[in-house]
Amino acid sequence: MGKAGEQHTAAHGTERHLQELQEQLPIANARKQLISLVKAHQTLVLVGETGSGKSTQLPQYLYKAGLAEGKSIAVTQPRRVAATAIARRVAQEMGVQLGAEVGYAVRFDDRSSTATRIKYMTDGMLVREALIDPRLSRYKVVVLDEAHERTLPTEILFGLMKQIQEQRKGGLKLIVMSATLDAAKFAHFFDGAKVIYLQGRQYPVEMLYVSEPVDSYLDAALRTVVQIHVDEPSGDILVFLTGQDEIETLQRLIPERSLQLDDAESHGKMLVVPIYAALQPEQQANVFKPTPPGMRKVILATNIAETSITVPGVRYVVDPGFVKARSYNARLGSDSLQVVPISKAQARQRSGRAGREAPGKAFRLYTEAAYLGLQAASAPEIQRVSLASLALQLKQLGVADVRAFPFMDPPPPTALARALELLLALGALDQRGALSQPLGAQLVRLPLEPVFGKVLLSGAAMSCSEEALSVVSMASTDPVFLSSRNKQEVSTEMRKQFMSPLGDHITLLNVLTSYMKVTKSERGRWCEERLLNARSLRKALEIRGQLREHLLSLKVALKSCGDDLEPLRRAILSGLFMHAAILLPDNTYKVIASGQIVSIHPSSVLSGHKPRCIVFDELLRTTRNYVRNVTVVEPAWLPEIAPIFFQNKGSMVGRGH
DNA sequence: GAGCACTGC
């Protein structure tokens, strides 16, 4: 096909860049100014480009200037790796032991002590600390980094900080750090906080757009990769795709296409490496291996390469402009996963990946007009997810009326109403809407969605805490059964040895129970032979251990129900009753709570079976409404286990045929 | 009888 690539044209420079903004400084030159600004203002909004050093340098400046006043500086990050990596680097720069003056705290890993004065942590960890100490009294300064990502915990911290600042009357400084231009919004929310811009260390990236919209972005991506390979000097190519399927397709097509190229007209061979979250760790490691001489690496990535993973050596980015995003329908209580256009902020983030080490080029497989038509940023998480856990935490934080909490962007009223209804139905709230004792108070301590917390606590009450621990831990991790189209039959065969006619939860329990009996050194191989995701199982076991500790501290007896799994299934129902469904004559199911018609997902062990009544974890809308992770229950249990909820639905259960 | 992006406590 020679050089017949996409027609790309250069951008005309209409994009507003940080460089054009006033007061922009390299952080080292701004040191004194920053310190005095923090002294003078209660809240500061810091906009820093990539590589501005704001996350590593600023906390050190403030600490050395004595602004912690004997207390500590908390720096939050949305991701564990960032929190731990930055803490290590800062400890090294300051020449102190990690865990002494500088430390970090993330789930399963606490490297902090009473001596820690600069504490890096995930935003969720700071929320956990606030649940115990709502005034965050051990901190003098809180830094909310990557605020533009608008994660659910950071969202809570925004409102909480506003409240604490009133209570502590200037006793707590807040610094909001953002990589994008949302500064005005943050500043406005925090009553006109001072905004500072910091210069970064990023090389220029040339933006290239297609001149006409493309029919198929996958085709266009393939052609563009080949075009770059033929026309451009050395440097690796990063392609953003929406999922495993697309990655596997291009993984097959790129080598086929490159066979048709003469080595003379291109720069050696292309080495195609995939990267996505579900990929096994050993294969993930391939993206970090240096590109062999005379070759060009083509990285096929999901969104994981947008923020979580930085691949070295990338000079060219190919961006089709789409992402697979989850959205939550509060009214129906269902999720859907759809391929949608990215936002301008995401487009900038993606193209920025070409300029980490040298000037680069970004090939956008959409027109410049299309770019200008994208929404500025994707909707914050709070607009897109179930708010049950958030509402529960706000109650613990002393917010009597969660609707009146100072949200930066208020969540949809229906979503908040649904969350409160669910908490009431679970028994986590009393009739006045306060946290119930002891259930509500126990649920808020557990690092689980409230529905799964309820499963666990009911399991404990029904003398099957050991089994409930396993079920809930397995439900909290990524799928354990590896799925790849080519290994389909083997995978199904392997699953049989764990399969239970009682459903997926019991099947998952069987997997974890077997896994726990395997010696540590054998576990990797054991998983490999059975096509099980080793990482998921390792994580499930970690979660299980942590939850077990929680049960012990709640003084809950740890018991096993042995072979009689009825109490366990009742426990599962006691948390998931909103997701109970009854068989209809046409072999579909009707969700009792919402009236939705659903089918059992073909990946479920119950697919093809027709139990009269089921409960499930998740309702996903794709080609149909599918439910996943399903357990068989008895219709008669419904009014026993959730009497208030099923009082008026009794007749419907009876009709269940 | 399909096909799930990514985080986190």
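Naming convention: chains lettered A, B, ... in sequence-line order (proteins, then strands); numbering from 1 in each chain. The figures here come from the full heavy-atom set of this structure, side chains too, leaving out hydrogens, waters and symmetry mates.
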Handout entry: Selected nucleotide, minimal atom distance to A:S308 side chain, candidates B:dC9, B:dT7, B:dA2
Key = B:dT7

Applying a 4.0 Å non-hydrogen cut-off, can you work out what [X] is touching in the nucleic acid: base, sugar-phosphate, or nothing?
X      : result
A:L620 : base
A:V339 : nothing
A:S389 : nothing
A:A325 : nothing
A:R79  : sugar-phosphate
A:L448 : base
A:S607 : nothing
A:T623 : sugar-phosphate

Problem - Any donor-acceptor N or O pair under 3.5 Å, side chains A:S458, A:S574 - result: yes

Handout entry: Side-chain donor-acceptor pair present, A:Q244, A:E248, cut-off under 3.5 Å
Key = yes

Exercise for the section: Let me know which of A:Q349, A:Q346, A:R350 forms a side-chain hydrogen bond (donor to acceptor under 3.5 Å, both in side chains) with A:D319. Expected result: A:R350

Handout entry: Of A:V323 and A:L446, the one whose closest DNA chain B nucleotide lies more 5'
Key = A:V323

Taking only N and O in the side chain of [X], is any of them less than 4.0 Å away from OP1 or OP2 of [N]?
X      : N     : answer
A:Y276 : B:dC6 : no
A:R624 : B:dG1 : no
A:S599 : B:dG1 : no
A:T302 : B:dC6 : yes

Handout entry: Distance, rounded to the nearest Å, where A:D245 contributes CG and B:dG3 contributes P
Key = 10 Å

Problem - d(NE2, A:H550; P, B:dC9) in whole Å - result: 12 Å

Handout entry: Nearest-0.5 Å distance, CG of residue A:L531 to CG of residue A:L482
Key = 6.0 Å

Practice task
Give the ring-plane orientation class for A:F186 versus A:F158, where under 30° counts as parallel, over 60° as perpendicular and anything between as tilted.
Solution key: tilted

